[in-house]
Participant: 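Right, I'll just put the structure down here and ask away after.
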Amino acid sequence: MRVEFQIFRQLPPEPPRWQSFWLETSPGATILDCLNQIKWEQDGSLAFRKNCRNTICGSCAMRINGRAALACGRHVGEELDPRSPQPQPIRIGPLGNLPVLRDLVVDMQPFWNDLSRVDPFVSTAGRRIPEREFLQLPAEREHLNAAGGCILCGACYSDCNAKEVNPEFVGPHALARANRLVQDSRDSQREQRLQALDSLAGVWGCTRCWNCNSVCPMGVAPLDQITELKQGILSRPVDKTAALPTDRSPSHAVRAIRTESLPIAIRHRKTLVQLVRSGGWIDERRFALQVVGRDPKGLLSLVPLGLRLLARGKFPFRFQPSAGAATVRRLIDTVRQKGRDPL
Ligand code: FES
């Protein structure tokens, strides 16, 4: 079969362009086989990375038809749309969210820099060194299998929407690795790791778009790892020693710490779930007040929006619960009983 490959060519500072190559190939050939054939037979200047040719090393990650994937793991037949009346070209470009060095080769340095931000090695500091080795139960080790399978190919990083709009976000690869360490019974830095990730640059920067899970070629499911980290952060014991007002009961004070000291991203999620659980959908007045209107500054920030809503006759004076509120409540409670998100 004759197939057209459109390949993104770029040698900065030259402007990028798409270049077409036609190949005689078969549905079972991998995209990497085709790139090799193009390079060896048609244009030796085409640049791309490869190594193992067997979905082990992660070198050949690139965007194939708009999605990050391993070129040695995708086949021509999978990339052609059988429903299309006209044969469609297969488009190949470099990974996203990383600067291009040449053609399909990107500079991975930002990826490694972000990984190093989570201190990606098991820490045994402060632990008593056993005589021979750190012991771990088979079940404890098994829990690490998914995150431990990461080959650091960069596919999740490339297609991460959060990384695209928030350069400070550490990225799904780093968070998956961080959870691998947080869940590791040998690591002694669990609390410090969770504390460091409790921010918009950490777990709360994730938009939960699911792209990372969808493109990961190794089944690491970074979004699931991030969710586990969030659960770890939210289930940490409250610091009861933190400056409690003496004229209040401890239970009141603990509740106050729980809500007042929560970062806004957590408060946003908690409030959203609470309101949806009580009314079936969001009561926008209470939502705004509870998320940002808890202090004079936050309250003031709501005034312009409130005035605009009033002027346009859109201010929600009354809240009508959803007809399906009871069903929504049952759903949320069922999810909670199973020990999963939502908060
Ligand atoms: Fe190693 Fe593709 S060449 S994963």
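Bear in mind that the values here come from a model prediction, so they are computed numbers and not experimental data. In each ligand, atom 1 is the first atom listed, and ligand 1 is the first ligand listed. The basis for the numbers below is simple: all heavy atoms, side chains too, and nothing from hydrogens, waters or symmetry mates.
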Participant: Should one rank Cys60, Ser59, Gly58 by closest heavy-atom distance to atom 2 (Fe) of ligand 1, which comes out on top?
Facilitator: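 Ranked by closest heavy atom to atom 2 (Fe) of ligand 1, first place is Cys60.
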Participant: Side chains of Leu23 and Gln42, heavy atoms from C-beta outward: is any pair under 4.5 Å?
Facilitator: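 When only atoms from C-beta onward are counted, Gln42 and Leu23 do touch, with a gap below 4.5 Å.
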Participant: May I ask you to check if any N/O/S atom from Cys72 comes under 2.8 Å of atom 2 (Fe) of ligand 1?
Facilitator: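 Yes, Cys72 qualifies, because one of its backbone or side-chain N, O or S atoms lies under 2.8 Å.
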Participant: Give the numbers and elements of all ligand 1 atoms closer than 4.0 Å to a heavy atom of Arg53.
Facilitator: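 This gives 1 (Fe), 3 (S) as the contact atoms.
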Participant: Using a 4.0 Å heavy-atom cut-off, which part of Ile56 comes near ligand 1: side chain, backbone, both, or neither?
Facilitator: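 Answer for Ile56: backbone.
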Participant: Is it possible for you to say whether Val3 and Leu32 belong to one hydrophobic cluster, with membership spreading through side-chain heavy-atom contacts below 4.5 Å?
Facilitator: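 Yes; Leu32 is reachable from Val3 via cluster members.
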Participant: Hey, what's the ring geometry for Tyr157 with His173, parallel, tilted or perpendicular (30° and 60° as the breaks)?
Facilitator: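 Rings of Tyr157 and His173: perpendicular, as their planes differ by over 60°.
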Participant: Knowing that exactly one of Arg9, Arg49, Lys39, Arg17 qualifies, which makes a salt bridge (charged side-chain N to carboxylate O under 4.0 Å, His left out) with Asp103?
Facilitator: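 In the set Arg9, Arg49, Lys39, Arg17, the residue that makes a salt bridge (charged side-chain N to carboxylate O under 4.0 Å, His left out) with Asp103 is Arg9.
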Participant: Counting each atom of ligand 1 from 1 as listed, which ones have a heavy atom of Cys52 under 4.0 Å away?
Facilitator: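 Listed by number with element: 1 (Fe), 3 (S), 4 (S).
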Participant: Which of the atoms in ligand 1, numbered in the order shown and given with their element, are less than 4.0 Å from a heavy-atom of Thr55?
Facilitator: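 This gives 4 (S) as the contact atoms.
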Participant: For salt bridge (Lys or Arg N to Asp or Glu O under 4.0 Å), just list the numbers for Arg330 and Asp333, CA-CA rounded to whole Å, side-chain angles, deciding distance to a tenth of an Å, and then say yes or no.
Facilitator: CA-CA 5 Å; Arg330 270 203 307 279; Asp333 290 345; over 6 Å; no
Participant: Going by side-chain contact (heavy atoms from CB on, under 4.5 Å), Pro172 matches just one of Cys216, Cys206, Cys150, Pro222. Which one?
Facilitator: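 The side-chain contact (heavy atoms from CB on, under 4.5 Å) with Pro172 is passed solely by Pro222 among Cys216, Cys206, Cys150, Pro222.
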Participant: Within the 4.0 Å heavy-atom shell around Cys57, which atoms of ligand 1 are there?
Facilitator: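 This gives 1 (Fe), 3 (S), 4 (S) as the contact atoms.
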